[in-house]
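Presented below is the structure to which this report refers.
All values below were derived from every heavy atom in this structure, side-chain atoms included, with hydrogens, water molecules and symmetry-related copies excluded.
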Amino acid sequence: EILIFYNYCYYGESNSFYTEIIDAYLNSPTTNSIITGVVGQIYGRGFSALDSNRRPDEFAAFKSLFKAKDLKRICLDYKLLGEAAIQVTYAGKKVAKVSHFNRETLRAEKCDEKGHINAYYYCPKWSEHKEGDKLIRIPVFGSGANNEIYIIRRFIPSMHYYSPPDWVSSLNYSKLESSISEYLVNQVEQNFSVGKLISLTNGIPTKEKQQMIKAEIMEKLTGVSGEKIIVSFSDSAENKTTIEDINAADSVDIYSYVSEECTKKLLLANRITSPLLVGIRDAGNGLGSNSEEIQNAHNLFENVVIKPYQSDIIDAIDEILAVNSISLKI
């Protein structure tokens, strides 16, 4: 959902879509493993030039402008967020410095009458931004300003201001996997106890008394240190306290199925030809573990997924280097 506020555009409800993506990456083990594995293969052993020996001066200039740490971060942003931002600083008419810029801190300016995005607005934490707070406006690459922003992004029909990551269709599965983790943690904290219905059949007390009894029971029986034995007093068998288990049938099988389904869908959305390529063993419907199948999976994955990412980043590098009249086969 794209909403235009003032002169910049929201990204997602409450302007928090980047935060949703980053949270999914941090809280979903499968998503984290996949993104980390893919980014590692995009960067590989670093960016070099096929003609570095014939153009040593230009190659030295390239290595001076594009540091390894910045290129690694650009690869991560591009895969994780769907876009990457590069800050380009000039000295006169030449590029003097190139650095990674945190993409999640930028929002697109409203288009001009020709449909062009001419600048991006910077805020270190958009969740804390309030109406009237000043924003830093950074013009786009090619504007002629001393400090510019170059955005690497894919073309997606109808997505004019922002391009979501290629795995966005599985975002809900990342959230679901995170929810499963929270459930299991809660089970541990509740001492692995199933749901219980405690019936007290000694009459119906006042609302205040009901709340007090409930609080005492919860304090005694819940949490890691909850007691496992209930001591109940009644004046007859008919008035005894009854306890019933409340638990979904085959809950272990259900959560196992949901977990496996999350893994399969996350691998599918990221076009992982074999789970082993991103450090996941025996997951989804990937290829087997023999060396020939793994090599075939790797070759397919490199050509279909990795090289397009590398090509987009190389195009950005070439365009920035061209300002300094540097032409290399990156």
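To the nearest 0.5 Å, atom OG of residue S169 and atom CG of residue L268 are 7.5 Å apart. Between L80 atom CG and C75 atom SG the span is 12.5 Å, to the nearest 0.5 Å. Expressed to the nearest 0.5 Å, how far NZ of K72 lies from CG of D77 amounts to 15.0 Å. Remark: I272 CD1 to W167 CH2 distance equals 12.0 Å, nearest 0.5 Å. Atoms OG and OH, from S163 and Y78 in turn, are 8.0 Å apart once rounded to the nearest 0.5 Å. The CD1 atom of I22 lies 5.5 Å from the CG atom of L81; values are rounded to the nearest 0.5 Å.
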Would E261 and L176 count as a side-chain contact (heavy atoms from CB on, under 4.5 Å) here? Give the steps. CA-CA 10 Å; E261 190 67 12; L176 181 57; over 6 Å; no

I would like to know whether I330 and D318 meet side-chain contact (heavy atoms from CB on, under 4.5 Å); could you show each step before the answer? CA-CA 8 Å; I330 303 298; D318 286 341; 3.5 Å; yes

Go through it in stages, so that I can follow the logic: the residues are Q87 and N147, the test is side-chain contact (heavy atoms from CB on, under 4.5 Å), and I'd like the CA-CA distance, side-chain angles, deciding distance and then a yes or no. CA-CA 7 Å; Q87 183 173 236; N147 195 51; 3.1 Å; yes

Checking K67 against S99 for the side-chain contact (heavy atoms from CB on, under 4.5 Å) test, could you report, in this order, the C-alpha distance in whole Å, the side-chain angles of both residues, the deciding distance, and whether it holds? CA-CA 8 Å; K67 306 296 185 183; S99 57; over 6 Å; no

Go through it in stages, so that I can follow the logic: the residues are F17 and Y162, the test is ring-ring contact (aromatic ring centres under 6.0 Å, His included), and I'd like the CA-CA distance, side-chain angles, deciding distance and then a yes or no. CA-CA 11 Å; F17 189 61; Y162 303 100; 9.3 Å; no

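Looking only at distances, a side-chain donor or acceptor of S143 sits under 3.5 Å from a matching main-chain atom of V140. The closest donor-acceptor contact from the side chain of N146 to the backbone of Y90 lies at 3.5 Å or more, if one exists at all. For R73 (side chain) and L76 (main-chain N/O), no donor-acceptor pair under 3.5 Å exists by modelled atom type. Remark: the backbone N or O of K175 is paired with a side-chain donor or acceptor of S179 at under 3.5 angstrom. Between the side chain of Q41 and the backbone N or O of L277 there is at least one donor-acceptor pair closer than 3.5 Å. Within the 3.5 Å criterion, the main-chain N or O of E292 finds a donor-acceptor partner in the side chain of N296. Proximity of a side-chain donor or acceptor of E177 to a complementary backbone N or O of T263 within less than 3.5 Å is not detected. Between the side chain of R55 and the backbone N or O of A49 there is no donor-acceptor pair closer than 3.5 Å. No donor-acceptor pair under 3.5 Å is formed between the side chain of N324 and the backbone N or O of I326. For S170 (side chain) and L266 (main-chain N/O), no donor-acceptor pair under 3.5 Å exists by modelled atom type.
Between I21 and P165 the shortest side-chain heavy-atom distance falls below 4.5 Å. A 4.5 Å side-chain heavy-atom check between D70 and V98 finds every atom pair outside the cut-off. Looking at E58 and F62, their side chains never come closer than 4.5 Å, going by heavy atoms from C-beta outward. Taking the side chain as every heavy atom from C-beta outward, P164 and M159 approach each other to under 4.5 Å. Under the 4.5 Å side-chain criterion, counting only non-hydrogen atoms from C-beta, D166 is in contact with K79. No side-chain heavy atom of I86 sits under 4.5 Å from any side-chain heavy atom of F141.
Of all the heavy atoms in V95 and L65, the pair that sits closest is O-CD2, 3.9 Å. For L267 against P275, the heavy-atom pair with the smallest separation is CD1-CG, 3.8 Å. When all heavy atoms of Y309 and R271 are compared, the pair lying nearest together is CE1-NH2, 4.4 Å. The minimum heavy-atom distance linking R103 with I151 is given by the pair NE-CD1, 3.9 Å. Of all heavy-atom pairs spanning K209 and M212, the tightest one is NZ-CE, 3.0 Å. When all heavy atoms of S28 and S174 are compared, the pair lying nearest together is CB-O, 3.6 Å.
Between W126 and Y8, the ring-plane angle classifies as tilted under the 30° and 60° cut-offs.
Just one residue in the list T105, I149, L135 forms a side chain to side chain contact (heavy atoms under 4.5 Å, CB included) with Y122, and that residue is T105. For the side chain to side chain contact (heavy atoms under 4.5 Å, CB included) criterion with I35, the lone passing option out of V278, T30, N270 is N270.
Checked against side-chain hydrogen bond (donor to acceptor under 3.5 Å, both in side chains), Y121 has the following partners two or more places apart in sequence or in another chain: N7, E109. Applying the salt bridge (Lys or Arg N to Asp or Glu O under 4.0 Å) rule to E128 yields the partners K125; only residues at least two apart in sequence or on another chain are considered.
Sorted by first and then second residue, the salt bridge (Lys or Arg N to Asp or Glu O under 4.0 Å) pairs involving residues 143-157 (not counting sequence neighbours) are E83-R153.
The closest side-chain donor-acceptor pair between K265 and N172, if any, does not fall under 3.5 angstrom.
No close placement of the Y161 and Y11 rings is indicated, their centers lying 6.0 Å or farther apart.
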